[in-house]
Amino acid sequence: MGIVFAPLGLVLVFTAAITPQWREGQAHLGMAGPGSLLRSGTKSHGTRSSSVEALILLRSDGLWESCLQVERSDLRQCWPVAGPYQRDPRVRLAQGLVLTSLFLCGTGILLACIGVRCWADLPLRGVAASGGLLVVTAGLLSLTALGVYTHNLKRLGMDPSQRIHNPRYPHLNLHPAGSLYFGWLGSCLQVLGGAALLFSFKRPRCPTCPSRHELSVSPCHSCPEMTNKPDMDVYEVSC
């Protein structure tokens, strides 16, 4: 469970980190089309068509990139984050926490793979559990970054002292976007996978093996639980 969930969580958090859909906003723009002058006869009074095409402007922000797109069109432009949004301390905090989370999760997965040792009979339980501890820490860090960003989503990059209502720049209704959900899912998988690896700190107990005092008197294969199962493979386990 730990070996599967931890890499999957790492991929999801990495996907959330590089995609610019942490928050989205849209604004309705009314743009009058080219008025067609309808003429009937030689010198009739012309009437300009009042057809107005409603355009929807989509804005999306991520940790390192922002994008602007007109809905139902191929007009899309992305650029690195800049301005007040980039200088916002909460955005910089989320960037640092996510980068630290990715590094710790990758290191934890590497330690877990070394500790599990699928190519050997006995694992290195301490190494695997240490990797699980790093993975859990990485998941908690990414959850913290997501929580800070989501809690301040509508205030990021906004200066409350400068509230200028300019009709040329319509108000955007900001809301959480898809990258946040990838991040939440990946962080939860990291916590679950790391917690599963943490159980490696506790050495398994063998209830069918006799005590150490009984081992000096009679061999382990004399246990009735084992002798009743003829095809059982018996391994030497340090209880």
Side-chain angles (χ1 to χ4, degrees), residues 1-24 60-67 78 80-81 86 88-153 156 176-206 233 235-239:
M1 178 178 175
I3 290 298
V4 173
F5 280 9
L8 183 58
L10 176 64
V11 171
L12 290 175
V13 173
F14 178 76
T15 303
I18 63 175
T19 51
Q21 279 85 30
W22 282 57
R23 69 175 184 179
E24 288 181 349
S60 61
D61 294 313
L63 291 183
W64 285 277
E65 192 178 33
S66 298
C67 293
C78 297
V81 292
Q86 181 191 19
D88 195 298
R90 293 159 295 193
V91 175
R92 302 177 80 91
L93 176 63
Q95 291 175 346
L97 290 176
V98 169
L99 289 178
T100 307
S101 171
L102 293 174
F103 174 76
L104 289 180
C105 188
T107 307
I109 292 174
L110 180 61
L111 288 178
C113 293
I114 296 175
V116 171
R117 296 204 308 169
C118 299
W119 59 89
D121 293 334
L122 296 177
L124 301 175
R125 300 186 177 277
V127 178
S130 300
L133 182 61
L134 292 180
V135 173
V136 169
T137 305
L140 294 178
L141 289 178
S142 56
L143 285 175
T144 304
L146 292 164
V148 170
Y149 192 97
T150 305
H151 181 70
N152 303 282
L153 185 140
L156 295 175
S179 297
L180 283 180
Y181 302 110
F182 279 106
W184 287 112
L185 179 60
S187 301
C188 293
L189 289 178
Q190 285 179 351
V191 173
L192 291 176
L197 290 170
L198 281 176
F199 283 104
S200 300
F201 273 131
K202 185 178 180 181
R203 297 184 64 85
R205 294 183 178 180
C206 181
D233 294 332
Y235 294 93
E236 181 180 355
V237 180
S238 175
C239 296

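We count residues from 1, following the sequence as given.
- Here the shortest heavy-atom pairing between Trp22 and Ser179 reads CD1-CB, 3.6 Å.
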Show me the side-chain donor-acceptor pairs of residues 180-192 shorter than 3.5 Å, one per line, residues at least two apart or across chains.
from, atom 1, to, atom 2, distance (Å)
Ser187, OG, Ser142, OG, 2.6
Ser187, OG, Gly183, O, 2.8
Gln190, OE1, Gly139, N, 3.2

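- One finds the CG atom of Leu198 at 9.0 Å from the OG atom of Ser130 (value rounded to the nearest 0.5 Å).
- Atom CG of Leu10 is separated from atom CZ of Phe5 by 15.0 Å, given to the nearest 0.5 angstrom.
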Can you give the donor-acceptor pairs under 3.5 Å from side chains of residues 103-118 to other protein atoms, not counting sequence neighbours?
from, atom 1, to, atom 2, distance (Å)
Thr107, OG1, Phe103, O, 2.9
Arg117, NE, Leu122, O, 3.2
Arg117, NH2, Leu122, O, 2.6

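- The shortest heavy-atom contact between Ala195 and Val136 is N-CG2, 3.3 Å.
- Between Val81 and Leu63, the closest side-chain pair of non-hydrogen atoms is not below 4.5 Å.
- Rounded to the nearest 0.5 angstrom, Leu12 CG and Leu8 CG are separated by 5.0 Å.
- Heavy-atom minimum distance, Pro7 versus Val4: CD-O, 3.4 Å.
- If you take CD on Gln21 and OG on Ser66, they are separated by 10.5 Å, rounding to the nearest 0.5 Å.
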Enumerate donor-acceptor pairs with a distance under 3.5 Å from any side-chain N or O in residues 143-153 to protein atoms, sequence neighbours excluded.
from, atom 1, to, atom 2, distance (Å)
Thr144, OG1, Leu140, O, 2.8
Tyr149, OH, Tyr85, OH, 2.7
Thr150, OG1, Leu146, O, 2.7
Asn152, OD1, Arg90, NH1, 3.3
Asn152, OD1, Arg155, NH2, 2.9
Asn152, ND2, Val148, O, 2.8

